[in-house]
Structure formats: structure tokens, C-alpha cells
Q: 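I'd like to ask some things about the structure below.
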Amino acid sequence: VVGPSGAVPVASCTGSSVTVDLPASGGDGTYTVSVTATDAAGNTSAAGQASYLLDTTAPAVPVVSGPAGPSNVVGPQFVVSDGDPSAVSFACSVSGPSAAAVVTDCSGSSVTVSLPASGGDGSYTVSVTATDAAGNTSAAGTWTYLLDTTGPPVPVVSAPVVESTSSPQFAISDAEGDVTLGCVLSGPGGSTVSNGPCPADGVFSVSVDGDYSLAVTATDPAGNSTR
């Protein structure tokens, strides 16, 4: 047997099979096995040959990227980048707080998971491995995604102390500090006076006498809203 580094010892050789011991690492390449037959008169045949390609090198670790969260999307998709042409198949998995989390699509370019719509908030890890034609499997490339489907606390709104003013001031707050507050001020007859981000000072401008109603919506960084 001759390989990339020269001759290789033969472990056994019979009329029906030949076995060789190849290096477990550092010996990748093509090996040529040659077998001759000798008869009782001492005549030796030409060599029959077969080639064997040894590949013990795992593919490169896939690179996984995508949304990190916090997000309330329960079917996120992640990008898989693998520049190793030797990879022929991919395996994907997801782990996290809920056993209901599953992989719904897995390929060399993307992975999609399905997460629980409620009761499964927390950090999930997506793992992807690549396997080549020789059966070598890479280490896992991973990505972490934070699922948050829980709405923020209901905003607290206090009516203006002074009612006889064209610039009423409302006290607006929320127990969750990183929320975005949206305000809709409705006037007499249900007309919309203001619709947009709540003013930092809580002051609105009105011009018509009558009853006014302020609806406040709190939205957290994951996109969950509470009104």
C-alpha cells in the first residue's frame, strides 16, 4: 500500500481480502493497494490495484446569523453561511426554555424554527453542523435568539389637574422603563386631536370645549404592546 507519505504497513492479506491500517489524523489522501498472486512454481502475476481516498477532516464550522431579539416573532429565520464545498448535508437543532421549540426548515443557507406563542419566553440557541461525503461532521455553529411575547405593564395615565386650559397636561408613565409610549387624544364627537408619540411633558394643545379622552399604548423593544 502506498499513500501520500509513502508505504503503509499491511495488516492482513489473503486471497479474499486485504486490510490496511491508515493514520487516524494527518494522513488524508489517496492510497493505492496492490495485490499480486504467486503460484506453486513461483510465478508471480502482475499487480491488481485499487485506490482508496481517506478523508478524516471535518468541514468548516457553519456560520449562523440573524435576529438576536428581544423579539416576539415565533417563527424566526436565521442565515447559514458555509463556504466549505465538501459539506453535503446539514443538521439543525434548537434548545431553550420550552421543549415545544422545533426546527421547521434546515439547509446550507438558512434555518427556521417554530417557538411557542405563549409561555415560552427566554433565550434559545440555534445550532447547525455540516457533514461531508466521507461522514465527517463539523463542530456546531450557534446563534442565540431572545423570545419575548409578554406585553409591558399597562401605562398609568392621570388626568390634568387644571381643566380650564387649552394646554392640558397629562401624567403618563409605565413601570417598564424601555417602552415606547404612543398617545391618541380624542376630542368632542370622537374626533382625533393627536395621534403619535406621547409628548415628553404630557402637554397637548386643544381648541374646542368639550370632553377629551387620552388612550396610551406602551410598546416594548420586542414589539409587544399594552393599552
Side-chain angles (χ1 to χ4, degrees), residues 63-81 92-107 109-126 128 142-227:
V63 177
V64 187
S65 61
S71 173
N72 60 4
V73 176
V74 296
Q77 185 179 67
F78 306 89
V79 176
V80 178
S81 302
C92 305
S93 64
V94 58
S95 60
S98 173
V102 295
V103 173
T104 57
D105 182 69
C106 175
S107 71
S109 60
S110 67
V111 54
T112 304
V113 301
S114 176
L115 306 178
S118 63
D121 286 2
S123 183
Y124 290 82
T125 299
V126 177
V128 180
T142 63
W143 187 260
T144 300
Y145 175 79
L146 179 59
L147 177 67
D148 176 6
T149 61
T150 304
V154 176
V156 177
V157 183
S158 299
V161 176
V162 179
E163 297 183 352
S164 57
T165 176
S166 61
S167 299
Q169 184 176 34
F170 294 80
I172 306 168
S173 63
D174 193 274
E176 190 170 312
D178 58 353
V179 298
T180 299
L181 297 173
C183 287
V184 178
L185 181 65
S186 301
S191 62
T192 299
V193 178
S194 177
N195 186 355
C198 296
D201 57 5
V203 175
F204 294 84
S205 177
V206 299
S207 58
V208 179
D209 288 351
D211 292 330
Y212 289 83
S213 174
L214 180 64
V216 180
T217 301
T219 303
D220 64 20
N224 304 298
S225 295
T226 303
R227 180 174 174 178

Q: With a 4.5 Å cut-off on side-chain heavy atoms, are Val154 and Arg227 touching?
A: no

Q: What residue pairs, at least two apart or across chains, pass ring pair (Phe, Tyr, Trp, His ring centres under 6.0 Å) with a residue in residues 206-227?
A: none

Q: Taking Asp121 for its side chain and Thr149 for its backbone only, find out whether a donor-acceptor pair lies under 3.5 Å.
A: yes

Q: Can any side-chain N or O of Thr226 pair as donor or acceptor with the backbone N or O of Pro152 at less than 3.5 Å?
A: yes

Q: For Phe204, check ring pair (Phe, Tyr, Trp, His ring centres under 6.0 Å) against everything at least two apart and list the hits.
A: Phe170

Q: Any heavy-atom pair between the side chains of Pro168 and Val206 that's under 4.5 Å?
A: yes

Q: At what distance, to the nearest 0.5 angstrom, does OG of Ser71 lie from CG of Leu146?
A: 9.0 Å

Q: Is a donor on one side and an acceptor on the other found under 3.5 Å between the side chain of Gln77 and the backbone of Ser110?
A: no

Q: For the residue pair Pro97 and Gly120, what are the closest heavy atoms and their distance?
A: CG-O, 4.2 Å

Q: Could you report the tightest heavy-atom contact between Ala101 and Leu115, atom names first, then the distance?
A: CB-CD2, 3.6 Å

Q: I need the Asp105 CG to Phe78 CZ distance, nearest 0.5 Å.
A: 12.5 Å

Q: Hey, are the side chains of Pro155 and Asp174 touching, using non-hydrogen atoms and a 4.5 Å cut-off?
A: yes

Q: Donor-acceptor pair, distance only, cut-off 3.5 Å: does the side chain of Trp143 make one with the backbone of Pro67?
A: yes

Q: For the residue pair Val74 and Ala117, what are the closest heavy atoms and their distance?
A: CG1-CA, 3.8 Å

Q: Can you name the side chain to side chain donor-acceptor pair (under 3.5 Å) partners of Thr192, sequence neighbours left out?
A: none

Q: Where is the tightest heavy-atom contact between Tyr124 and Gly96, given as atom of each residue plus distance?
A: CD2-CA, 3.5 Å

Q: Counting only heavy atoms not in Asp209, do more than 12 fall under 6.0 Å of its CG?
A: no

Q: Are Val126 and Val113 close enough that some pair of their side-chain heavy atoms sits under 4.5 Å apart?
A: yes

Q: Side chain to side chain contact (heavy atoms under 4.5 Å, CB included), that's the test. Do Val103 and Val111 meet it? Break it down for me.
A: CA-CA 7 Å; Val103 173; Val111 54; 4.0 Å; yes

Q: Quick check for you: to the nearest 0.5 Å, what is the distance between Asp220 atom CG and Asn72 atom CG?
A: 7.5 Å

Q: So Ile172 and Leu181, do their side chains get closer than 4.5 Å, heavy atoms only?
A: yes

Q: I'd like to know whether CG of Asp178 has more than 12 heavy-atom contacts from other residues, nucleotides or ligands below 6.0 angstrom.
A: yes

Q: Do Val216 and Cys198 have side chains that get closer than 4.5 Å, going by heavy atoms?
A: yes

Q: Without swapping roles, check the side chain of Ser167 against the backbone of Ser205 for a donor-acceptor pair under 3.5 Å.
A: no

Q: Hey, are the side chains of Val73 and Tyr145 touching, using non-hydrogen atoms and a 4.5 Å cut-off?
A: yes

Q: Between Ser225 and Thr217, is a side-chain hydrogen bond (donor to acceptor under 3.5 Å, both in side chains) present by the stated rule, with each step listed?
A: CA-CA 7 Å; Ser225 295; Thr217 301; over 6 Å; no

